[in-house]
Amino acid sequence: ADTTDVATGRVFAPPSVRTAAREAGVDPASVSGSGPGGRITAADLRAAIDARARSTDDDGRTQAAPEDAGTADRSRSATTSGGGDSSGTADRDRTLAMPATRRIARE
Amino acid sequence: MVMGDVTTGTDVLVIGGGPGGYVAAIRAAQRDLDVTLVEKDAYGGTCLNHGCIPSKALIHAADVAHEAGTAEALGIHADPAVDAAALADWKDGVVDQLTGGVEKLCKANGVTLIEGTAAFSGEHTARIAHGGDGQGMESVEFEHAIVATGSRPIEVPNFPYAEEAVWSSRDALGAETVPDHLVVVGAGYIGMELSTTFAKLGADVTVVEMLDDVLPTYEDDVKRVVRSRAEELGIEFSFGEGASDRRETADGIEVVTETEDGEESVYAADRVLVAVGREPVTDTLELDAAGLEPDADGFLETDAQGRTDLDHVFAVGDVAGDPMLAHAASREGIVAAETIAGEPAALDAQAVPSAVFTDPEIATVGLTEAEATAEGFDTVVGEMPLRASGRALTMDETDGFVRIVADEPSGYVLGGQVVAPEASELIAEIGLAIEMGATLADVAGTIHTHPTLSEAVMEAAENAMGQAIHTLNR
Amino acid sequence: MVMGDVTTGTDVLVIGGGPGGYVAAIRAAQRDLDVTLVEKDAYGGTCLNHGCIPSKALIHAADVAHEAGTAEALGIHADPAVDAAALADWKDGVVDQLTGGVEKLCKANGVTLIEGTAAFSGEHTARIAHGGDGQGMESVEFEHAIVATGSRPIEVPNFPYAEEAVWSSRDALGAETVPDHLVVVGAGYIGMELSTTFAKLGADVTVVEMLDDVLPTYEDDVKRVVRSRAEELGIEFSFGEGASDRRETADGIEVVTETEDGEESVYAADRVLVAVGREPVTDTLELDAAGLEPDADGFLETDAQGRTDLDHVFAVGDVAGDPMLAHAASREGIVAAETIAGEPAALDAQAVPSAVFTDPEIATVGLTEAEATAEGFDTVVGEMPLRASGRALTMDETDGFVRIVADEPSGYVLGGQVVAPEASELIAEIGLAIEMGATLADVAGTIHTHPTLSEAVMEAAENAMGQAIHTLNR
Ligand SMILES: Cc1cc2nc3c(=O)[nH]c(=O)nc-3n(C[C@H](O)[C@H](O)[C@H](O)COP(=O)(O)OP(=O)(O)OC[C@H]3O[C@@H](n4cnc5c(N)ncnc54)[C@H](O)[C@@H]3O)c2cc1C
Ligand SMILES: Cc1cc2nc3c(=O)[nH]c(=O)nc-3n(C[C@H](O)[C@H](O)[C@H](O)COP(=O)(O)OP(=O)(O)OC[C@H]3O[C@@H](n4cnc5c(N)ncnc54)[C@H](O)[C@@H]3O)c2cc1C
């Protein structure tokens with residue numbers, strides 16, 4: 001995905017991702033966002049940090065994966081509790097993708 | 001075939017005009033499908049006519065009167081008198097405005113409205129009986145059908161709703177007077193909302209409940225706040241007792257209850273409100289004509305798109321089972337409509353919020369701490385008691401708390417439990433947090449307006465991170 | 001050096017104990033820094049003692065009385081009497097509880113509290129004067145300082161607050177009686193909140209405002225709702241007039257106003273409340289001793305971490321300029337504290353919400369439609385009028401709307417404007433949406449509880465997508 005599809009170049013990233021970016025010394029605007037419209041997720045940031053660590057370290061400021069960005073794995077498959085649920089919703093995967101993302105994934 | 005039968009065709013036949021049905025009809029029409037909505041009774045269904053809306057109108061009015069009458073600490077002296085008949089009129093006006101609105105919205109979106117009772121007559125046909133008996137039958141051929149026939153209150157043996165002294169929730173909401181003594185059978189959310197309302201309007205209320213506490217599906221500390229407030233309002237609770245019999249007396253009735261051990265008690269009352277649950281409405285539908293069969297409890301089972309066993313017949317709302325809530329019904333209606341329109345819709349919401357409009361309100365969404373742990377999360381919990389909230393203090397309402405449940409160390413917000421004034425509004429933010437995959441740091445990192453109750457959501461997140469400002473961290 | 005001077009050392013000296021200072025102090029202490037907080041007057045600052053909290057307490061009480069007194073349509077008849085002195089007592093109790101809480105929280109987190117007035121005596125030293133004159137001076141050597149000295153009401157020529165009949169917002173909030181006639185100079189948020197409050201408590205209120213409408217920073221349709229409701233409360237507005245002079249009369253004062261063209265008007269009153277804005281407090285600080293200089297308006301300029309021109313001296317809250325709001329002050333305090341602790345904090349919030357507690361409330365966050373377009377976004381807007389909200393109808397409060405501003409086609413939520421009961425709470429969800437980079441589809445795809453006002457947020461998002469259920473789409 002593009003860094004951003006938004007005309008103004010404003011970077012869309014949640015507060016925790018912005019903090020983690022600062023901690024890692026990464027400019028969020030340089031991260032390629034995978035969310036709808038280029039929104040930057042924690043995983044995107046982690047990928048950017050990993051990529052930077054793999055490329056030769058330019059200023060010696062490579063850091064361990066920052067605490068917030070290092071935990072971004074969104075693939076869990078616990079189920080919602082739907083006791084007595086007959087509407088077919090009991091076995092849904094908890095994918096932890098946002099509503100719009102889930103819809104795009106289905107399309 | 002009945003005389004004068006006319007057959008029309010439609011892309012989507014929606015049976016039932018409640019929040020499941022009318023929302024499905026409108027969305028399907030917005031997707032350029034030809035939609036016919038059949039309603040036998042009143043647009044808006046249970047919710048607008050005999051449920052959510054009239055109950056919240058009465059609750060609001062009872063709150064206004066009660067709050068003013070108990071604000072001496074604030075220097076406010078009032079002795080409000082409630083004219084129950086005028087209150088009923090106002091409430092009816094609210095209902096009329098909304099149901100009229102639903103009708104207009106359906107028409108404006110191009111939905112064809114038919115008044116009558118629909119029953120299947122084949123896999124792709126239904127017959128609609130209009131008001132009169134047998135007269136004006138018509139047949140509809142449909143590509144797809146959405147069953148949204150809702151639910152009705154369960155009756156308890158010896159307490160037939162046909163008796164004047166025995167109230168269903170619908171009767172209670174239609175009352176033109178406030179009974180002196182009201183016995184409420186059932187301390188679920190409907191029983192608790194209406195007990196609170198009638199107590200505030202001046203009734204002596206006794207609640208009889210088979211289980212040993214109010215609101216069975218909620219956590220202990222949630223129940224405790226609401227139960228003690230109810231007790232402060234003068235509501236008396238008799239737990240561990242089921243209503244077994246009813247006796248007519250000169251000036252009302254007596255409600256006989258029985259414990260598990262067969263011990264009897266008797267409560268005198270003017271009215272008894274039975275609120276022990278709701279059952280699906282499928283009996284008018286002749287489901288077998290379409291080749292459908294409800295489950296043992298009478299519900300229609302559905303998949304993630306709301307499809308029944310027949311690919312072209314959907315069921316949404318209360319008739320399709322838990323959670324029997326208006327907003328769940330509406331979402332199911334939207335998903336069914338979009339699926340029929342060929343869109344990739346699914347009932348994949350992480351969390352369906354639910355609210356109880358007691359005093360204070362309760363609202364929850366997603367997982368409790370215990371549920372999260374049972375699902376295998378490394379659960380972390382943060383809380384903000386309302387007594388530490390500036391806004392709550394300025395409202396003289398400090399009972400309750402905001403709790404947020406998250407996974408550690410990812411920080412993902414998994415659930416929230418709120419007991420507070422406006423809990424039903426506060427839960428929206430936590431719901432969005434869950435759907436967005438927001439972390440505690442995201443919620444804590446979002447600036448919240450001062451002074452508001454929503455700051456408590458932020459503060460609960462900070463508390464879960466061990467760095468709350470306004471509460472001591474564990 | 002003054003006799004008896006003691007010098008102590010501290011990692012972080014915080015000057016001023018308002019929502020900027022005390023929050024900074026607690027967060028710094030949570031990061032294991034040695035923190036000293038100096039407050040000359042009362043913990044909690046303007047906000048807890050003479051601002052947010054007492055105003056919201058009075059607004060709440062006025063609402064309770066007013067609502068009960070005007071609920072005849074609901075069948076509620078009450079004629080509430082307000083004992084203004086008892087109300088003041090209750091309000092003072094709320095303030096005491098909160099300020100006492102702040103003191104306790106500071107101590108529990110290990111903050112050293114000093115009562116006195118701090119002034120710089122060097123780049124790394126300050127002198128603190130305790131209550132008495134010159135006596136009990138002490139010196140503090142600090143690694144870092146956080147200036148959080150707040151603001152005070154601006155005085156208008158000929159209207160000195162020292163006069164009994166001339167009220168600052170602080171005097172108004174401290175009043176033990178309700179004036180019969182109140183003239184309010186200034187229709188900003190403080191003027192509008194207090195006009196509404198005193199009108200509801202029974203005063204005849206006239207608002208004099210230099211500009212041609214209320215609440216200059218808000219959009220026309222937002223102002224309109226609040227202004228007409230104020231007019232319904234009997235508040236009279238005189239726009240285009242500035243207060244120029246004051247005359248004492250036998251039974252009160254006269255406020256003389258002047259238009260741009262020099263036309264005079266005269267308003268008789270018991271009290272005049274001057275609410276024309278607030279100015280930073282730096283005069284007691286001897287900034288030059290540290291080598292600091294405020295800007296032309298007296299504010300301390302700061303960077304994204306809250307640093308002044310000196311790397312080790314930070315300024316937070318009202319003294320650091322707009323937005324002069326308590327929650328902005330607190331966030332700035334947190335960022336300054338975390339920066340001092342070596343963390344990568346920054347004032348990078350996309351949006352700082354703000355609320356006006358008028359009737360109905362106003363709350364906004366992020367960009368308006370015009371602002372978004374000016375910033376280069378392809379703006380799309382969705383709205384839900386409250387008259388289409390079931391919850392609003394059940395509250396008998398249908399003036400207002402929820403508006404959501406987004407970018408097209410990305411759908412990113414950029415802002416929201418809410419005019420509604422509980423607007424201050426509803427805005428939290430839109431704030432989170434903006435911070436998370438949520439899209440309209442995310443907000444619309446999140447199930448919202450029925451019946452709530454927060455459904456209007458979802459519905460506004462759907463409206464922006466051209467598929468609202470409960471409003472007609474453009
Ligand atoms: C007192 C009370 C308070 C409540 N409060 C809340 C609340 O605050 N929040 C909340 O979310 N939920 C609340 N509920 C629950 C809510 O009312 C239901 O979940 C909701 O109404 C379900 O919507 P539905 O469309 O499935 O069915 P319903 O609203 O029951 O509508 C079904 C409609 O179908 C019609 N119908 C049935 N059979 C036929 C037929 N054969 N042909 C034609 N028409 C037919 C009926 O006349 C009815 O109008 C409350 C319920 C009660 C009783
Ligand atoms: C009537 C009114 C209503 C308001 N309502 C709201 C609202 O609803 N929401 C909102 O967000 N904002 C509201 N505000 C604004 C809010 O009060 C301020 O934005 C907030 O108080 C700023 O916090 P602060 O910490 O910067 O300064 P302050 O709260 O002003 O605190 C500064 C403190 O520093 C102390 N101090 C000053 N100089 C020295 C010194 N030299 N040595 C020691 N101590 C010193 C002062 O005594 C004071 O206690 C309201 C303001 C008013 C007047």
Side-chain angles (χ1 to χ4, degrees), chain B residues 23 26 30 52-53 56-57 60-61 64-65 67-68 71 73-78 80-83 86-87 90 94 97-98 108 326-327 331 349 352-353 355 363 390 393-395 422 424-429 431-433 435-436 438 442 446-454 467 469-470 472, chain C residues 23 26 30 52-53 56-57 60-61 64-65 67-68 71 73-78 80-83 86-87 90 94 97-98 105 108 326-327 331 349 352-353 355 363 390 393-395 422 424-429 431-433 435-436 438 442 446-454 467 469 472:
Chain B
V23 169
I26 290 176
Q30 287 174 339
C52 329
I53 293 301
K56 268 80 251 183
H60 170 72
V64 169
E67 218 179 341
L74 283 62
I76 297 171
H77 301 272
V82 178
D83 174 344
L87 171 52
W90 168 72
V94 168
Q97 204 166 329
L98 281 168
H327 43 284
R331 180 55 49 113
V352 181
L393 276 158
T394 63
M395 299 168 78
E422 311 303 339
S424 59
E425 307 293 354
L426 300 178
I427 206 69
E429 184 191 1
L432 184 68
E435 296 294 351
M436 290 303 298
D442 290 326
T446 297
I447 302 182
H448 285 64
T449 316
H450 183 75
T452 60
L453 298 168
S454 70
Q467 55 174 22
I469 297 287
H470 294 94
L472 290 182
Chain C
V23 169
I26 290 176
Q30 287 174 340
C52 329
I53 293 302
K56 269 79 250 183
H60 172 72
V64 169
E67 217 178 342
L74 283 62
I76 297 172
H77 301 272
V82 179
D83 176 345
L87 172 52
W90 169 72
V94 167
Q97 205 166 327
L98 281 168
L105 287 162
H327 43 283
R331 179 54 50 112
V352 181
L393 275 158
T394 64
M395 299 168 79
E422 310 304 337
S424 60
E425 307 293 354
L426 300 177
I427 205 69
E429 183 191 4
L432 184 69
E435 295 296 349
M436 292 302 298
D442 289 322
T446 296
I447 302 182
H448 286 64
T449 317
H450 182 74
T452 60
L453 297 169
S454 71
Q467 55 173 20
I469 298 288
L472 291 181

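Residue numbers begin at 1 in each chain, while the letters A, B, ... track the order of the sequences. It should be emphasised that the depicted structure is a prediction, and the values quoted were computed from it without experimental measurement.
In this structure, the portion of C/Ala71 lying under 4.5 Å from any heavy atom of chain B is its side chain and not its backbone. When heavy atoms are compared at a cutoff of 4.5 Å, C/Ala433 approaches chain B by way of both its backbone and its side chain. For chain B, the nearby parts of C/Leu432 are the backbone and the side chain; heavy atoms of each come within less than 4.5 Å. Heavy-atom distances place both the backbone and the side chain of C/Ala61 under 4.5 Å from chain B.
A pairwise comparison of heavy atoms in C/Arg331 and B/Thr446 identifies NH2-O, 3.9 Å as the closest pair. Shown here for C/Ile53 and B/Pro451, the closest heavy-atom pair between the two residues is CD1-CB, 4.0 Å.
Between chain B and the residues C/Ser454, C/Ala86, C/Ala81, C/Ala363, the largest count of heavy-atom pairs under 4.5 Å involves C/Ala81. Note: B/Gly390 leads B/Ala108, B/Ala326, B/Gly390 in heavy-atom pairs under 4.5 Å with chain C. Top candidate by heavy-atom pairs under 4.5 Å with chain C, chosen from B/Pro353, B/Ala355, B/Gly431, B/Ala78, is B/Pro353. The residue among C/Leu472, C/Val23, C/Leu453 with the most heavy atom pairs within less than 4.5 Å of chain B is C/Leu453.
Note that CD of C/Glu425 and CD of B/Glu422 are 7.0 Å apart. Values are rounded to the nearest 0.5 Å. Atom CG of residue C/Leu74 and atom CG of residue B/Asp83 lie 11.0 Å apart, to the nearest 0.5 angstrom. Here CE of B/Met436 is found 4.0 Å from CG of C/Asp442. Values are rounded to the nearest 0.5 Å.
Between C/Gln30 and B/Ile469, the closest side-chain pair of non-hydrogen atoms falls below 4.5 Å.
With sequence neighbours left out, the side chain to side chain donor-acceptor pair (under 3.5 Å) criterion links B/His448 to B/Glu429. Under the side chain to side chain donor-acceptor pair (under 3.5 Å) criterion, B/His450 pairs with B/Glu455, sequence neighbours left out.
The one candidate from C/Lys56, C/His60, C/Gln97 that meets the side-chain contact (heavy atoms from CB on, under 4.5 Å) condition with B/Leu393 is C/Gln97.
Using a distance-only test at 3.5 Å, with no hydrogens or angles considered, no donor-acceptor pair links the side chain of B/Glu67 to the main chain of C/Val64.
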